[in-house]
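Structure record follows, encoded as structure tokens.
All ligand and atom numbering here is 1-based and tracks the order in the structure. For the numbers below, each heavy atom of this structure counts, side chains included, while hydrogens, waters and symmetry mates do not.
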Amino acid sequence: MPQAKNWIWTDGGEKLKPDEQERRFEKFREAGIEAVLFSSFNADVLARAKAHGLETHAWTWALCRGDKDLLENHPDWYGVSRRGDSAAGKPPYVSYYHFLCPSRPAVRDHLAQMVADLGDTANLDGIHLDYIRYPDVILPVALWKKYNLVQNEELAQFDFCYCEVCRNTFQKQTGEDPLKLPDPPANAAWRQYRYDSVTNLVNHLVEAAHAKGKRITAAVFPTPSLAKKLVRQDWVRWNLDAVLPMTYHSFYNEKPEWIERAVKEGVSALPANRPLYAGLYLPDLKGEDFDRAVRFAMAGGAKGVSLFGGVRKVGAFRS
Ligand SMILES: [Zn+2]
């Protein structure tokens, strides 16, 4: 088996003193981590990480964007629910859930420009897309209680996007207004329109990154079937350099064993040359459960793991 590659989602630690930053990156290397997904960074952070032999990736929020400029100047770029609420003014679930509509050319151009700008960053190896999806039409089951919801079906206030652009485009394609369908969630063509909308956007961003010589990856929902059902990500069709599914077992009321099944489903559906790195949720992997989770991920066919919520030594999985 080739040497695995392991990743971590983390911040840039820009406020650390240089020697603290050095120790931090040494700790990552000692833990077996080779690639860092930075939620923020500056030139110094990237240069230092590279000096430690780490890959550097810009962890960016793609479609969930609460930028003041966008909310004020382009409220029409945001998704609209089946109930008619815009994610600009009335986001679902939580106040920061300002999701853009992936079907709009202006949104696509804006995000492609963001990727192109990152593509000019020195010492940056790649761009990592997060929130590259619709708002959860159904939440991971372990979260239902927290929001006091039962989501055995697609509820109108969480079902996106019914903006003018989406309604007109779908109507041109099929002759039907999605808002007037007798049962919109049951309509296969309407579901497919939305899978395609995100897929087309991602593949456009892939081209923008590759034009700048950067790699591009994404954090996705844990399995191809759950990703389509919950957030309309059809990620096996995305032309990324790698996928990092968030195989967070506890979000689905599952045990760590589930990680192997989840990874297997992804690996078997992906093109053979597309690496999958399994995201692990460290707050719910205490003690030896962490090592077991790593072994399950590798047994399922992952090329490594990506750590969220902490640093642990990855290394017990050599088989
Ligand atoms: Zn729309």
message: Test: side-chain hydrogen bond (donor to acceptor under 3.5 Å, both in side chains). Region: residues 138-151. Which pairs qualify, not counting sequence neighbours?
response: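 side-chain hydrogen bond (donor to acceptor under 3.5 Å, both in side chains) check on residues 138-151 returns Tyr93-Gln151.
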Inter- and intrachain pairs under salt bridge (charged side-chain N to carboxylate O under 4.0 Å, His left out), touching residues 278-288, at least two apart: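 Pairs touching residues 278-288 that pass the test: none.
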- prompt: Between Trp59 and Phe38, does the ring centre distance come in under 6.0 Å?
  reply: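 When the ring centroids of Trp59 and Phe38 are compared, they turn out to be at least 6.0 Å apart.
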query: Are Phe28 and Trp7 near enough that their ring centres are under 6.0 Å apart?
result: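 Ring centres of Trp7 and Phe28 not closer than 6.0 Å.
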N/O donor to acceptor pairs below 3.5 angstrom from side-chain atoms of residues 94-101, sequence neighbours left out:
{"residue": "Tyr97", "atom": "OH", "partner": "Arg133", "partner atom": "NH2", "Å": "3.0"}
{"residue": "Tyr97", "atom": "OH", "partner": "Asp136", "partner atom": "OD1", "Å": "2.7"}
{"residue": "His98", "atom": "ND1", "partner": "Ala87", "partner atom": "O", "Å": "2.7"}
{"residue": "His98", "atom": "ND1", "partner": "Ala88", "partner atom": "O", "Å": "3.1"}
{"residue": "His98", "atom": "NE2", "partner": "Ser95", "partner atom": "O", "Å": "3.1"}

message: Checking the side chain of Asp67 only, and the main-chain atoms of Asp69 only, is there a donor and an acceptor separated by less than 3.5 Å?
response: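 No, the answer is negative, given that no donor and acceptor are paired below the 3.5 Å cut-off.
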2.8 Å cut-off (strict), protein N, O or S atoms about the Zn ion (ligand 1):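 There are 4 of them.
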